[in-house]
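Heads up, the thing below is written out as structure tokens.
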Protein chains: 4
Amino acid sequence: MSNPSHFGLAYPVTKAARDDALNPRKSPKQLRAAATVAAILEGAARILEERGLEAYNTNAVALRAGVSVGSVYQYFPTKEAVTRALIQRETGALLAEVEACATAASPREALEAMIAACVAHQLRRPVLARLLDLEEARLPLADDLRDLAQSLVSALQRNLLWGGLDSAAAREIAPDLLAIVKGMVDAAGQRRETDAGALGARVRRAVFGYLPDAFG
Amino acid sequence: MSNPSHFGLAYPVTKAARDDALNPRKSPKQLRAAATVAAILEGAARILEERGLEAYNTNAVALRAGVSVGSVYQYFPTKEAVTRALIQRETGALLAEVEACATAASPREALEAMIAACVAHQLRRPVLARLLDLEEARLPLADDLRDLAQSLVSALQRNLLWGGLDSAAAREIAPDLLAIVKGMVDAAGQRRETDAGALGARVRRAVFGYLPDAFG
Amino acid sequence: MSNPSHFGLAYPVTKAARDDALNPRKSPKQLRAAATVAAILEGAARILEERGLEAYNTNAVALRAGVSVGSVYQYFPTKEAVTRALIQRETGALLAEVEACATAASPREALEAMIAACVAHQLRRPVLARLLDLEEARLPLADDLRDLAQSLVSALQRNLLWGGLDSAAAREIAPDLLAIVKGMVDAAGQRRETDAGALGARVRRAVFGYLPDAFG
Amino acid sequence: MSNPSHFGLAYPVTKAARDDALNPRKSPKQLRAAATVAAILEGAARILEERGLEAYNTNAVALRAGVSVGSVYQYFPTKEAVTRALIQRETGALLAEVEACATAASPREALEAMIAACVAHQLRRPVLARLLDLEEARLPLADDLRDLAQSLVSALQRNLLWGGLDSAAAREIAPDLLAIVKGMVDAAGQRRETDAGALGARVRRAVFGYLPDAFG
DNA sequence: CATGAATGAGCGTTCATTCAT
DNA sequence: CATGAATGAACGCTCATTCAT
């Protein structure tokens with residue numbers, strides 16, 4: 001997998017921790033740390049879902065996560081870092097699904113699968129997805145998030161090349177596709193749509209309508 | 001024009017002020033008040049553009065506007081009200097332009113003009129437009145903002161009916177069109193695009209690609 | 001009358017105004033000024049009665065009085081001055097009634113009449129009387145209020161002397177009597193008592209119980 | 001003692017803290033929290049005594065208490081809550097002393113002891129006692145304060161019954177006695193009296209003068 | 001490492017007072 | 001003089017962050 005960071009610590013805290021990727025066998029300490037990190041992120045997610053951005057503060061997150069504020073700052077240098085890690089957890093999962101679509105039988109099917117993945121991702125935890133999109137747009141774009149967004153664009157771009165578009169066209173079109181999909185699914189989430197099939201059909205129409213007829 | 005409220009005071013302050021619509025001749029007092037309100041809104045806009053959401057607080061806004069905090073609260077009950085009034089000023093202007101497009105020669109030309117208006121609006125003050133979109137999405141949607149957004153959708157919807165779509169299709173498609181346009185122009189603004197022609201062409205492609213071939 | 005100040009301006013503003021006491025024939029200007037002062041004081045009284053100390057601010061007072069804030073500051077240098085003038089208006093009226101009791105047939109009857117006047121005064125506008133007592137206790141004791149309170153004590157003291165007490169005893173007892181009466185009627189007002197007869201009887205019992213048997 | 005709450009935390013902060021009454025042995029954490037609460041209340045008391053109601057604000061209280069504003073709000077939800085807790089601390093102490101008087105040899109001696117306790121309490125910190133009385137009268141009477149005041153009245157009432165008064169008379173007279181005592185000692189405090197013996201004698205005269213001869 | 005009490009800069013808001021019209 | 005818009009010091013309160021235990 002290309003981005004496993006959301007399985008471990010968001011930030012290297014000890015030398016041992018940095019070996020996570022190389023040494024998947026974790027000591028009890030590391031396991032506990034990973035569990036705490038996971039609890040914090042899920043606590044943050046729950047606060048956002050249940051009480052919104054207004055109630056999203058480190059004390060509330062810690063309380064919801066069942067840890068102390070101090071522990072939050074043990075694993076994350078700032079509140080923003082928590083938010084970024086949560087975005088990474090969520091978008092990372094989506095990215096994995098999208099990248100898995102590259103194994104489809106045809107470029108068109110691959111693109112359809114990618115759209116389905118995006119729609120499904122948005123409808124799984126719609127409030128969380130929407131608020132994280134807002135936070136992502138609001139945050140000073142750090143490298144990690146830029147990389148993540150770029151990875152999604154790249155996945156789309158590779159698929160466009162596979163479908164026959166030339167490199168310049170793919171580079172131009174891929175970000176637009178992402179913008180179209182994000183715009184539509186966020187708006188649908190805000191309208192509390194729940195029918196993934198109908199939404200997916202409309203997004204497919206928008207995406208394939210935008211692509212040159214030559215695609216696929 | 002259907003929504004002239006952004007030309008007057010955001011909140012009725014004196015009995016006389018409520019006569020704005022009937023009596024466009026303003027007394028010196030009203031002029032002064034309107035000037036203060038305008039200064040506050042422009043101060044808010046400048047803070048957002050120059051220093052971002054992080055620095056967007058009432059004292060900074062007042063300072064930038066050349067008035068005192070007290071004056072801000074003379075015309076707006078809360079900081080949020082300032083933000084909402086600014087969104088209304090901006091979106092109201094856009095709405096006026098979009099509605100003016102209905103006089104075009106054909107449905108297709110009207111829609112193209114609407115897209116051009118949206119693109120132009122976004123590129124005029126890209127940072128402000130983007131941050132206000134964020135705030136609009138974040139704010140508890142009061143009636144005024146919901147109405148404004150709905151007016152934009154309605155303008156699109158009327159155009160779709162004119163273009164031959166049936167009522168159910170127009171109702172379904174109009175919000176999607178807005179989501180597509182917003183998604184694309186916001187993303188373009190974030191990427192600091194400045195070429196309105198190129199962006200407009202891509203948005204037109206997305207919009208007309210999404211519409212049924214029967215349109216126009 | 002010993003303290004007519006509450007009929008004119010609380011503070012001398014013009015030379016002409018200072019002649020009020022000597023020249024009761026007022027010019028139209030002076031009449032208007034006196035009417036404004038009266039309106040402000042009654043506005044203050046109404047705010048206190050209807051909305052309490054929490055809502056007692058100069059803007060609210062001006063609004064309730066039907067004048068502008070500027071006018072309030074034309075006649076009173078500070079908000080505190082308004083409060084003091086209102087206390088004077090109320091306590092001055094009471095003082096006049098109390099002093100009028102000195103003409104009773106006997107010291108005992110005079111004292112009973114004084115008590116009745118205090119009770120009636122408290123029950124006339126109980127909320128106002130209570131809040132003004134609070135403000136009087138809270139305010140830095142300026143000369144005017146100290147004089148007013150002292151006048152009440154003096155009236156009591158004269159009555160005690162008339163009743164046969166020696167000068168030292170009268171000086172000691174008079175303030176205590178006022179404290180007893182104030183304490184009882186304020187507490188009764190707070191309990192929303194409205195029966196002047198019952199309250200008067202209890203206050204009489206307390207006062208005459210405190211006085212030496214030799215009195216009267 | 002019927003109301004020991006002023007010995008612990010004003011507001012339950014941790015589950016453990018609620019066990020105070022059952023488990024007087026305090027953990028270091030509880031000790032620290034209790035010390036902070038005590039420091040805040042004493043800081044509030046000192047500000048009131050030294051600089052008056054005008055300077056009584058949360059930042060000043062925190063500074064005087066040697067803690068930060070944040071700590072004030074860790075233990076008290078609002079400034080008013082601080083005031084109420086301070087009133088409880090002071091009146092609670094007085095209530096304890098008054099209730100202890102019930103063990104006197106006779107009803108008359110008990111009542112004399114109660115009066116002595118009130119006088120001593122007022123003269124111990126006269127400025128504080130007076131300002132808290134003002135605040136108590138000004139505050140929207142929450143349950144806690146009403147209960148406290150009622151407890152004082154009840155203690156008096158029980159003593160009146162013991163002295164032979166019937167239940168109706170005791171119910172009527174007890175609040176009056178409290179009003180008389182409060183009125184006299186507050187006024188004495190304001191006049192900066194310091195002689196507890198003389199003041200006590202006068203209060204006793206007022207109280208026993210008010211009581212029916214049958215008492216005791 | 002975990003805890004959670006403590007910190008304090010900073011924000012939204014009020015309101016007594018001023019002053020241009 | 002009346003008006004009421006404008007002022008700005010000051011307050012109550014929050015919450016990201018630190019640190020003693």
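The sequence lines fix the lettering, A, B, ..., with proteins before strands; numbering per chain opens at 1.
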If you look at every heavy atom in [X] and [Y], which pair is closest and at what distance?
| X | Y | answer |
| --- | --- | --- |
| C:I47 | C:A60 | CD1-O, 3.7 Å |
| C:L131 | C:G52 | CD1-CA, 4.2 Å |
| B:S68 | B:A62 | C-CB, 3.7 Å |
| D:L41 | D:V82 | CD2-O, 3.8 Å |

Could you state the atom-to-atom distance from [atom1] of [X] to [atom2] of [N] in whole Å?
| X | N | atom1 | atom2 | answer |
| --- | --- | --- | --- | --- |
| D:L63 | F:dA10 | CG | P | 15 Å |
| A:R32 | E:dC1 | CZ | P | 10 Å |
| B:F76 | F:dA6 | CZ | C1' | 15 Å |
| A:N59 | F:dC13 | CG | P | 18 Å |
| B:L53 | E:dC11 | CG | C1' | 15 Å |

Of all the nucleotides listed ([options]), which has the minimum atom distance to the side chain of [X]?
| X | options | value |
| --- | --- | --- |
| C:V69 | F:dT14, E:dT17, F:dT3 | E:dT17 |
| B:T58 | E:dA2, E:dT13, E:dA5 | E:dT13 |
| C:Q74 | E:dA2, F:dA2, E:dA5 | F:dA2 |
| C:S71 | E:dT3, F:dT17, F:dA2 | F:dA2 |

What does D:N57 touch in the nucleic acid at a heavy-atom separation under 4.0 angstrom: a base, only the sugar-phosphate, or nothing?
sugar-phosphate
Base, sugar-phosphate or nothing for B:V72? Non-hydrogen atoms, less than 4.0 Å.
nothing
Any chance you could measure D:E50, atom CD, to D:R64, atom CZ, to the nearest 0.5 Å?
4.0 Å
Report the distance from atom CD of A:E54 to atom CG of B:L139, rounding to the nearest 0.5 Å.
9.5 Å
Runs of at least three consecutive Watson-Crick or G-U pairs, both distances under 3.5 Å, are what I'm after; which ones involve DNA chain E?
E:2-21 with F:2-21
Which residue lies more 5' along DNA chain F, comparing A:E80 with D:Y73 via nearest heavy atoms:
D:Y73
Which residue lies toward the 5' end of DNA chain F, D:K79 or A:T78, if each is placed at its nearest nucleotide?
D:K79
Are C:S68 and F:dT3 close enough that a side-chain N or O sits under 4.0 Å from OP1 or OP2?
yes
Taking 4.0 Å as the cut-off, does a side-chain nitrogen or oxygen of B:Y75 come that near to OP1 or OP2 on F:dA6?
yes
Test your reading of the model: is there a side-chain donor-acceptor pair from C:S71 to the backbone of C:Q74, 3.5 Å cut-off?
no
Report the residue (C:E54 or B:Y56) whose heavy-atom-nearest nucleotide on DNA chain E is the more 5′ of the two.
B:Y56
